[in-house]
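Residues take their numbers from the sequence shown, with the count starting at 1. Just follow the structure's listing: the first ligand is 1, and inside any ligand the first atom is 1.
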Amino acid sequence: MVSIKSEREIKQMQEAGKLLAACHRELRKLIEPGITTWEIDQFVERYLTEHGAIAEQKGYQGYQYATCASINDEICHGFPRKKPLKSGDIVTIDMVVNLDGGLADSAWTYAVGNISPETQRLLDVTKQSLYIGIDKAWPGNRIGDIGHAIQSYVEAQGFSVVRDFTGHGIGSTIHEEPQIPHFGTPGKGLRLKEGMVITIEPMVNEGTWFSRMDSNGWTARTADGKLSAQFEHTVVITGDGPLIITEQ
Ligand code: MF3
Ligand code: CO
């Protein structure tokens, strides 16, 4: 069942989104060569707690951390760890904030120190693909319209879109129906309606979209070892078009 949120629920999710965006803005200042994803995770958990919120990912289906921290060839669900980041790395920090029952979800890929022009292009294309997808999130459009727009743009740029993980509805829990693939056929799939809240979170790979799962059962990485980036926003479908509630 795809839920339609009340005005009050959306207000609460917007508050969570504001806090989440503020936390990402702090990370932008914090992330530099030498820091570990363990320290980033601790910072996020403390920041959210100090602002009266809960790091919703911690404990979700047995996941043990406040953030997912996916480095270089890791696509998603990387575990925070005590290995220092180095200049030239990229790291995706994904978090879900619960503020008084309202949830918001947003991931951002950060450059550590100086990255190569080709890596910068991967980040630019991935972020642009998110906004191209969001542009299609109007009532009356279909889920396939979002995926198709993202996929065509990304592939025209010579990169690939991950198939094994999708965006999703979000509400009182992190993952609700419907799934939002970042590839697809225009005019296909569920029709979007006012009051739905979804995440759009394209994971874009330099090389193949094929992934493999680490032995920890969570972390997915690219099958060819090349880089993967991700940008994610939580978006409300409104009569005036997509409303991004996690914008920094
Ligand atoms: N934020 C992730 C998403 O975008 C959810 C990760 S689930 C967790 O779907 F358990 F790893 F936290
Ligand atoms: Co997320």
**OP:** Report the C-alpha distance between F159 and E206 in whole Å, list the side-chain angles of each, state the deciding distance to 0.1 Å, and finish with yes or no for side chain to side chain contact (heavy atoms under 4.5 Å, CB included).
**Re:** CA-CA 5 Å; F159 297 132; E206 254 188 327; 4.3 Å; yes
Original post:
Is there a nitrogen or oxygen of H168 sitting under 3.5 Å from a nitrogen or oxygen of ligand 1?
Top reply: yes
Can you tell me which portion of [X] lies within the under-4.0 Å heavy-atom range of ligand 1? Options are side chain, backbone, both, or neither.
{"X": "V96", "answer": "side chain"}
{"X": "Y60", "answer": "both"}
{"X": "F165", "answer": "neither"}
{"X": "C76", "answer": "neither"}

**OP:** For the pair H182 and F165, evaluate ring pair (Phe, Tyr, Trp, His ring centres under 6.0 Å) and give the outcome as yes or no after the intermediate values.
**Re:** CA-CA 9 Å; H182 307 105; F165 301 90; over 10 Å; no
With carbon and hydrogen excluded and only N/O/S kept, which atom of [X] is nearest the Co ion (ligand 2)?
{"X": "E232", "value": "OE1"}
{"X": "D105", "value": "OD1"}
{"X": "D94", "value": "OD1"}

Original post:
Does ligand 1 have an atom under 4.0 Å from some heavy atom of E232?
Top reply: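 Distance cut 4.0 Å: E232 passes for ligand 1.
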So, [X] versus [Y]: side-chain donor-acceptor pair below 3.5 Å or not?
{"X": "D41", "Y": "T67", "answer": "yes"}
{"X": "S70", "Y": "Q230", "answer": "no"}
{"X": "H175", "Y": "Y60", "answer": "yes"}
{"X": "D124", "Y": "Q128", "answer": "no"}
{"X": "S211", "Y": "D164", "answer": "yes"}

Original post:
Among the clusters formed by ILVMFWY side chains lying less than 4.5 Å apart, do I40 and L123 turn up in the same one?
Top reply: yes
Original post:
Relative to the ring of H77, is the ring of W218 parallel (under 30°), tilted (30 to 60°) or perpendicular (over 60°)?
Top reply: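 W218 vs H77 ring planes: perpendicular.
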Who's the nearest protein heavy-atom neighbour of [atom], and how far?
{"atom": "atom 1 (N) of ligand 1", "result": "Q57 OE1, 2.7 Å"}
{"atom": "atom 2 (C) of ligand 1", "result": "D94 OD2, 3.3 Å"}
{"atom": "atom 9 (O) of ligand 1", "result": "H175 NE2, 2.8 Å"}
{"atom": "atom 4 (O) of ligand 1", "result": "E201 OE1, 2.8 Å"}

What atoms of ligand 1 come closer than 4.0 angstrom to any heavy atom of [X]?
{"X": "D105", "answer": "1 (N), 2 (C), 3 (C), 4 (O), 9 (O)"}
{"X": "C68", "answer": "11 (F)"}
{"X": "H77", "answer": "6 (C), 11 (F)"}

**OP:** Test salt bridge (charged side-chain N to carboxylate O under 4.0 Å, His left out) on R46 and E26 and set out the steps.
**Re:** CA-CA 12 Å; R46 194 173 339 110; E26 294 300 319; over 6 Å; no
